[in-house]
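Here the structure comes first, spelled out in structure tokens, and everything after it is commentary.
These numbers were taken from a predicted model, which means no experiment stands behind them. For the single chain, residues carry numbers from 1 onward in sequence order.
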Amino acid sequence: MARARTSRSASSKTRSPWRRRAGLAVKLALGAIVLAFVALLTAVYIARSQLPSFDSMKSSPNGQMIRVHAADGSVLVSLGPSYGEWLSYDRIPVVMREATVAVEDRRFDSHVGVDPVGILRSLYVNYERGRRVQGASTITQQLARNIFLNNQKKFGRKFREGILALALERKFSKEQILELYLNKVYYGGGAYGIDAASRKFFGHGADHLSLPEAAVIAGLVKAPSNYSPTADAQAAVGRAGIVIQQMVRNGFISVDQAREANDVGVKLAPAPRQNSVRYFTDWALPQLDLLIDETEKPLEVWTTLDPAMQRDADAAVRANVPKGAQGALVSIDRDGSVRAMVGGTDYVSSIYNRATQAQRQPGSSFKLFVYLAALEAGKTPEDREVDEPVTIDGWSPRNDSRRFSGSVTLRTAFAYSLNTIAAKLGQAVGFQTVADMARRFGISTPVNTHPSMVLGTSDVRLIDMTRAFASVGNKGVAITPFGITRVTADGEEIYRHEVDRSQVLVAPNVAAEMTDLLQTAVNTGTGRAAQIGRPVAGKTGTTTSSKDGWFLGFSSGLTTGVWMGRDDARPIAGLHGGTAPARAFREFMVKAVAKRPIEQFETAVTLPEAQLEPDAESYYGAPDNSTFVDEDGYGVEAPAVPDQAPVYGPERPVVQPLPPQGDEPQQPRPAPQRPDERLDQEWLDRVTGQPRRDAVRTPPPARNTQPTRPQVPAQPTGERPYQ
């Protein structure tokens, strides 16, 4: 008996150190847990005390949103993060709340911000699959990450996320947390919050979402770029099906409701046009840096762009640009507002804006400044110059016809783009004077003063040339193109454009005489393809070897410039200012001014002389590839003309009538000309419906009698009329 007690006592002494160690370990562990819990509580309550208020968290967008409106108020494009209307908890549709909870955090109502059950489930699923396929972040954790942290997958970030989630649950109710989450989470496409997402993808606010629409939006959170309806509509709908299944599994909806939702489906809003409109917004929006100082508040920017005109401009350029070439168009209203801008045939393939950035030679359209300088120096459209060989500092320009017409009026020389006359005028007024006139009218690129500059050998921008023509059409008062009319931030107007009409560039009579010349160029000269059934004034331009084609003109207060060519400046067969660019101008302007009142110019249309060129080459000549020769011919093969053949003018001039009421203006077609009719003034007045010349304009004293006009024969067989 004594031996047994001794044995138990010895055994007890042997095991006691291990028990003591185990007990100590348990105590230490419990102590560590208690300390950790205390530390956790301390951290949570410290974080809670530092959290902003609910109202502050509502008004803390990440980045500046800019929404750009067209002239009619429609939204052209939204840039930066997009935030819709803030929806309070009771305004958020129940199906939206349930869809979000079902797919993102089905234990949202029961956990404390971090879900241990969800963490264990995620670890198990990921272990079974051998890779990370399921996360364990709760809605509260996602909210903490979106507002305060980043998406780095590091333990430190996850720990801070958990602390913040617990703090959020201590400070705010479940309803407030879900309201914050649904109004701030990123849904793709730049949309933050369910209202921005609903407006972007479905075209209406989120306060009346249907079940299928709510399922689509709820399914975007997992991978916004992968499931975005604008990127992959099929993937978005497939993901929405999974959301609906989760809603059934969690008891939010019945099987019948799910089946009905799948049958109804969703109707996605069409994506906003992102093609040629972006040329305009890329040009206009950088100007905000000079107009306003606001860099944080969301901005609403109202612009001058007319969506209908923009569509018509895009269509006109695409329909007429030669194959393999590019085209650009700018249309400016009488106050300087840019109504349409096309910088290329396709913005997606090339964001280079040829309307505002490209610098190309303007050809004969640059003669605008030559004749403006001459008119300002005292010349008139009726003054005469001799079209003859001329050499200036070793440079000898020639006409596209390779012939000379003798004594002609300036009106005739301008209408048929006689290069020798332009050279003489430039020499007479001074090439520096011509360059100064170009700069006065807004040409911002360097202008050389070589004699050949009168034919447009200095590179210019389309928007600058269009501005210059617009200023002539504005009776010599400067027009400055602008694209932004006003800007608001949080409903408060912080900028409004004011039009400056105080800068006079040339005297009104000079602008009127220039308009006189520009009218003639369209009615009877190289720009006839630009006729639109109402008074129009303009000028063509073609550069050496048909590398660039231009047409610029104005009518009814709207000025439009068109350029076409290749980016690599290679020649384009058949490209002339009077062909594709003039046709694009006509197709655009016919629609653009259709609802505007017809405006007569201050100067009546005065036709040029009949004897304009020695033969038909001025209309039908092949392109001339010589240096510094502007070709405003039409690129159609000329009929053979014997050297001793009589000298005749071109085909009969055309003056367009006013369009019939209620119908779209039609391109006038001249009636066949009889060989026995003579091209005298009486005949011109009769066939064009114009009043007698002496009833419209008093001829200068030196021209009291009209020269004898030669008889005009029928058009030779084989000639094709210009098209």
Between [atom1] of [X] and [atom2] of [Y], what distance do you get to the nearest 0.5 Å?
X      : Y      : atom1 : atom2 : result
Thr559 : Ile479 : OG1   : CD1   : 6.0 Å
Gln326 : Ile572 : CD    : CD1   : 10.0 Å
Met589 : Ile532 : CE    : CD1   : 4.5 Å
Thr542 : Leu575 : OG1   : CG    : 6.5 Å
Thr540 : His576 : OG1   : NE2   : 10.5 Å
Leu455 : Trp395 : CG    : CH2   : 4.0 Å

Sub-3.5 Å donor-acceptor pair from the side chain of [X] to the main-chain atoms of [Y], do we have one?
X      : Y      : answer
Arg534 : Glu599 : no
Tyr352 : Gly343 : no
Ser365 : Lys539 : no
Lys424 : Val386 : yes
Ser350 : Asp346 : no
Asn353 : Tyr279 : yes
Lys367 : Ser417 : yes
Gln531 : Val522 : yes
Thr560 : Phe585 : no
Thr304 : Val338 : yes

Contact check, side chains of [X] and [Y], non-hydrogen atoms, under 4.5 Å:
X      : Y      : result
Val499 : Phe482 : yes
Ser458 : Thr445 : no
Asn320 : Met564 : yes
Met514 : Val510 : no
Trp563 : Val330 : no
Met453 : Val434 : yes
Val536 : Arg586 : no
Leu410 : Glu385 : yes

Can you give me the closest heavy-atom contact between [X] and [Y], atom names plus distance?
X      : Y      : answer
Pro381 : Thr409 : O-CB, 3.6 Å
Ala413 : Val408 : CB-CG2, 4.3 Å
Pro571 : Arg566 : O-CD, 4.3 Å
Asp464 : Gly442 : CG-O, 3.4 Å
Met341 : Ala355 : CG-CB, 4.1 Å
Ala537 : Thr515 : CB-O, 4.1 Å

- Message: Going by side-chain contact (heavy atoms from CB on, under 4.5 Å), Ser364 matches just one of Thr526, Val370, Asn419. Which one?
- Response: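 So, applying the side-chain contact (heavy atoms from CB on, under 4.5 Å) to Ser364 and each of Thr526, Val370, Asn419, only Asn419 qualifies.
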- Task: List the steps, then state whether side chain to side chain donor-acceptor pair (under 3.5 Å) holds for Arg461 with Ser444.
- Result: CA-CA 8 Å; Arg461 297 185 180 93; Ser444 57; 2.9 Å; yes
- Message: Under the criterion side chain to side chain donor-acceptor pair (under 3.5 Å), I'd like the reasoning laid out for Asp436 against Thr433: C-alpha separation, chi angles, the key distance, then a yes or no.
- Response: CA-CA 5 Å; Asp436 291 341; Thr433 302; 5.5 Å; no
- Report the C-alpha distance between Thr420 and Arg398 in whole Å, list the side-chain angles of each, state the deciding distance to 0.1 Å, and finish with yes or no for side chain to side chain contact (heavy atoms under 4.5 Å, CB included). CA-CA 6 Å; Thr420 57; Arg398 63 174 181 267; 5.5 Å; no
- Query: Taking it one step at a time, do Phe441 and Leu368 satisfy side chain to side chain contact (heavy atoms under 4.5 Å, CB included)?
  - Reply: CA-CA 10 Å; Phe441 272 78; Leu368 174 80; 5.6 Å; no
- Query: What orientation do Phe366 and Phe369 show, parallel under 30°, tilted 30 to 60°, or perpendicular over 60°?
  - Reply: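 Rings of Phe366 and Phe369: perpendicular, as their planes differ by over 60°.
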- Kindly check if the number of other-residue, nucleotide or ligand heavy atoms within 6.0 Å of CZ (Arg596) is above 12?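 Result for CZ/Arg596: enclosed.
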- Query: For Arg439, does the CZ atom have more than 12 heavy-atom neighbours from other residues, nucleotides or ligands under 6.0 Å away?
  - Reply: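 Yes, the 6.0 Å shell around CZ holds more than 12 heavy atoms from other groups.
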- Task: Could you give me the CA-CA distance, side-chain angles and deciding distance for Val342 and Gln310, then say whether side chain to side chain contact (heavy atoms under 4.5 Å, CB included) is met?
- Result: CA-CA 8 Å; Val342 177; Gln310 183 67 21; 4.0 Å; yes
- Task: Given side chain to side chain contact (heavy atoms under 4.5 Å, CB included), test Phe588 with Val562 step by step and report yes or no.
- Result: CA-CA 10 Å; Phe588 169 74; Val562 180; over 6 Å; no
